[in-house]
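Every chain is numbered from 1 and lettered A, B, ... according to where its sequence line falls, protein lines coming before strand lines.
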2 protein chains.
Amino acid sequence: MAKASRMTKQKRLILEILRGTRVHPTADWVYQQARQVIPDISLGTVYRNLRLLCEAGEIMELSFGSTFSRFDGNPLNHYHFVCRQCGRIYDLDLPLREELEEEVRRAGYEVEHHRLEFYGRCPECARGAGNP
Amino acid sequence: MAKASRMTKQKRLILEILRGTRVHPTADWVYQQARQVIPDISLGTVYRNLRLLCEAGEIMELSFGSTFSRFDGNPLNHYHFVCRQCGRIYDLDLPLREELEEEVRRAGYEVEHHRLEFYGRCPECARGAGNP
DNA sequence: ATATCTGCAAATGGTTTGCGGAGGA
DNA sequence: TCCTCCGCAAACCATTTGCAGATAT
């Protein structure tokens, strides 16, 4: 059976914040934004709702090398670029490569999804500096 | 200039442990193994050396969704499969798809490397159970 | 000789959780 | 109504760090 899940104003706000940005924010960034609308929202509530929204498939949690998670308001599989200089994370406009999964299935695995990320320097940082 | 870096018996042991396993262990697993050889090695030393070995390019740090890192004694780029049932991580024997990076370069990014992971159920878990 | 490394233990910091009260369905 | 969610604050736990002594080079 489906899980019970209420739409509270906190959850709705968090979802709006995530859908309205392209920055792949951290939980704390979402918290700072949310406080501007609901000043006494708590960080615990932000974490709880980020978790709930992930489980509901409304958003995506991204964990790169860093010690903290980032979140993406677009739950559809897509690829990312991580700039090692400025730390920004970009959505890439590449078509999904489903055929990669086929190769893995041939090896006997049940593949549900895959994740592809590129690391390097973003156009903006490359323009600014010759050497990192 | 290159950083100074000593080869201590602790660092050598940690590198041997990582090269001698296929399990993509956590820092604590490495620590437990290391204690069987150097009983008074400390967890802090394990973390410090894992960091140093990463920076030296001898090993790789892997961060999946979990709250803790895993480490891979093979620093050459290769792809992984993560079983959502047993949690094991497998090295995949797929050829590198360097051409994926080309597409991203065409969009203006300086790509240094990429990372590709597959998620699902491993052959062993798939054999054991019909429904997760 | 000496700068780096070690063991120890405490600190850090992102994330989770227990609680009693509030509020969505 | 009633069950889930909230705010608060403490707990959690992987990882980092300060220190004084040890050790690789």
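Closest to the side chain of A:Arg51, out of C:dT17, C:dC8, D:dT15, is C:dT17. Residue B:Gln10 has its side chain nearest to C:dG7 when only C:dG7, C:dT15, C:dT16 are considered. Candidate nucleotides D:dT17, C:dT16, C:dC5 were compared by shortest atom distance to the side chain of B:Leu52, and C:dC5 ranks first. Of the candidates D:dA14, D:dT4, D:dG7, the closest approach to any side-chain atom of A:Arg6 belongs to D:dT4. For A:Arg48, the listed nucleotide lying nearest its side chain is C:dC19; candidates were C:dC8, C:dC19, C:dT15.
Closest-nucleotide positions on DNA chain D for B:Phe71 and B:Lys9 were compared, and the one nearer the 5' end corresponds to B:Phe71.
Checking A:His80 against A:Tyr119 by side-chain atom types alone, no donor-acceptor pair falls below 3.5 Å. A donor-acceptor contact under 3.5 angstrom links the side chains of B:Lys11 and B:Ser5, judged on distance only. For the residue pair A:Glu61 and A:Ser69, a side-chain donor N or O sits within less than 3.5 Å of a side-chain acceptor on the partner.
Phosphate contact (OP1/OP2 of C:dT15, side-chain N/O of A:Tyr47, threshold under 4.0 Å): present. Taking only side-chain nitrogens and oxygens, A:Thr8 comes nearer than 4.0 Å to OP1 or OP2 of D:dC6. In this structure, B:Thr67 does not reach the D:dC13 phosphate: none of its side-chain N or O atoms is under 4.0 Å from OP1 or OP2. Contact between the side-chain N/O atoms of B:Thr45 and the OP1/OP2 oxygens of C:dG7 is found at a separation under 4.0 Å.
Note: CG (A:Asn49) to P (D:dG7) measures 9 Å, nearest angstrom. Between the CG atom of A:Asp28 and the C1' atom of C:dG13 there is a distance of 11 Å, rounded to whole Å. What separates CG of A:Leu43 from P of C:dT15 is a distance of 9 Å, to the nearest Å. Nucleotide D:dC6 holds its C1' atom 15 Å from the CG atom of A:Leu50, rounded to whole Å. Atom P of nucleotide C:dT6 and atom CE of B:Met7 are separated by 10 Å, given to the nearest angstrom. Rounded to a whole Å, the CG atom of A:Asp40 is 14 Å from the C1' atom of D:dC5. Per the geometry, CZ belonging to B:Arg70 stands 13 Å off C1' belonging to D:dA14, to the nearest Å. Put simply, CD on B:Glu55 is 14 Å from P on C:dT4, counting in whole angstrom units.
Ring to ring, A:Phe81 and A:Phe118 are not that close: their centroids are 6.0 angstrom or more apart.
B:Glu16 has no carboxylate O lying under 4.0 Å from a charged side-chain N of B:Arg19, or vice versa, which leaves the two without a salt bridge.
Backbone-only engagement by B:Ser69 is indicated by non-hydrogen atom pairs under 4.0 Å involving sugar-phosphate atoms exclusively.
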